Structure formats: structure tokens, C-alpha cells
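Read the structure below first, then the notes.
All values reported here derive from a predicted model rather than from experimental measurement. Computed from heavy atoms alone, side chains included, the values below leave out hydrogens, waters and symmetry copies.
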Amino acid sequence: NRRGFSTFVNCKKCGLVYVSPQPALEEFDKFYADMYPDNSEESVASRSLGYTERHLKSLLMRRKPKGGKLLEVGCGYGNFLKQIESLPWDITALEISETAMNHAKSQVPRATFQRTVVEKAVIEEHSQDCIVMVAVLEHVKDPRAAIRRLTSWLKPGGLLILHVPYVAAFIRLKRWLPKVARGAAVG
């Protein structure tokens, strides 16, 4: 396909499904340039999960109504940040794509941004009340190390929200329709 990924791999240790081969950290800029091509309304809307963002906002309001310090890892165009902008959170966001991060900054200017990946981020230990990571874990080289890193940034009693795509149906589809799963046109 256009990003050079050809296979889904299921980790035998933890069960996480991820694309393989994964880009090296130094190749992430090129990979995410394709994922976030521009700041057009169409591109931004295509990266929004809609229901998920609203559900996460509702979860935050129930679990942490007083707010605090929130870190979003992989904020993309800032669609989730925009959802929680009116809540009492001191927001920091990590994003590797310069295009996506610049759009997020324009949407939520009060947030602090780092253009980096979780493996290289500079976050003070035990400083966050909540960390949100939506559709990112399947992109990191070492998910266990990433989760250890995230939990080291949480304050005692902090909330870690991880969301990964449900890919089981796609994997079944790949078995049934191998040409479709490899990017062949249907029609």
C-alpha cells in the first residue's frame, strides 16, 4: 500500500495487532506526512473518530470532574482536544506530524505541544492526572515500554485511557478477500 506496510502481525506475547514492518523512529516524519497530508476540512474530518472523542469527554467528566493536568499522546489534528477545550484541564499534547500539530495548535491555542513520539517525549514523572492515547499504541515499537513510560508520568490515582482499533473483522476480511486487503480495487 502507499505507506509500504503489507502485513498485520499479532504479537504472541500480548496479542496486540500492528502493521509490519514498522517504520524506524527516524522514518516517522515521512510516514505521518502521508497520514496527515494537509489541514483541509476534509483531511481533518477524515481523522476524527467522532463518537470516541465524545465518549472520552464524557468519561473525563465522570471520572475527573475537577480537571487537572491532561496529556494526549498522538493528538493528530486536535479533534479530541477541541472536545475538551471548555473543561478545566491544563493540556499538553504530543504529536509527530508537524502538519497535524500546527492544526491542533490553531484549534486549542492554550494547550502546550511537543512535536515528538512517546519514546522521546520530555514529561515530568508523576505530573499528569490523566493520559489519553487513542489509536497510537499499535504504532509504537515496544508497547510495554510505552505503557511503563506513560504510567510513570501519572500521578498516584491518575487515569490512563488507551484506545486501540478493533481489527479482528479486518483480519477476517483479509483471509476471505486477500486481494482487497492488499489494496486491490473492488468494483
Please table the atom pairs, donor to acceptor, closer than 3.5 Å between any side-chain atom in residues 143-160 and protein atoms at least two apart or in another chain.
| from | atom 1 | to | atom 2 | distance (Å) |
| --- | --- | --- | --- | --- |
| R149 | NH1 | V118 | O | 2.6 |
| R149 | NH1 | E119 | O | 2.8 |
| R149 | NH2 | A121 | O | 3.0 |
| T151 | OG1 | I147 | O | 3.1 |
| T151 | OG1 | R148 | O | 3.0 |
| S152 | OG | R149 | O | 2.7 |
| W153 | NE1 | I123 | O | 3.3 |
| K155 | NZ | D129 | OD2 | 3.4 |

Next item on the list: Check each of R54, R62, M61 against S58 using the side-chain contact (heavy atoms from CB on, under 4.5 Å) test, and report the only one that passes.
Entry: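 Exactly one option meets the side-chain contact (heavy atoms from CB on, under 4.5 Å) with S58, and it is R62.
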Could you tell me if the side chain of [Y] sits less than 4.5 Å from the side chain of [X], heavy atoms only?
X: L71; Y: V132; value: no
X: T99; Y: N102; value: no
X: Y77; Y: M101; value: no
X: L81; Y: W89; value: no
X: R110; Y: E85; value: yes
X: I161; Y: L56; value: yes
X: V122; Y: Q114; value: yes

Item checked: R115 side-chain N/O to E95 backbone N/O, donor-acceptor pair under 3.5 Å ->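 The answer is no, because no donor-acceptor pair under 3.5 Å joins these two groups.
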Can you measure from [atom1] ([X]) to [atom2] ([Y]) and round to the nearest 0.5 angstrom?
X: K66; Y: L87; atom1: NZ; atom2: CG; value: 15.5 Å
X: E98; Y: K105; atom1: CD; atom2: NZ; value: 8.0 Å
X: I96; Y: H139; atom1: CD1; atom2: NE2; value: 12.5 Å

Could you tell me which non-hydrogen atom of [X] sits nearest to which non-hydrogen atom of [Y], and how far apart they are?
X: A104; Y: G76; value: CB-O, 3.8 Å
X: A100; Y: S97; value: N-OG, 3.1 Å
X: K69; Y: S127; value: CD-O, 3.3 Å
X: P65; Y: P88; value: O-CG, 3.9 Å
X: V108; Y: K82; value: CG2-N, 3.7 Å

Next item on the list: With side-chain contact (heavy atoms from CB on, under 4.5 Å) as the test, would you mind laying out the steps for L94 and E72 before giving the verdict?
Entry: CA-CA 6 Å; L94 309 180; E72 184 178 12; over 6 Å; no
Note to self: Between L60 and I84, is the side-chain contact (heavy atoms from CB on, under 4.5 Å) condition met? List the steps.
What the structure shows: CA-CA 9 Å; L60 284 178; I84 65 166; 3.9 Å; yes
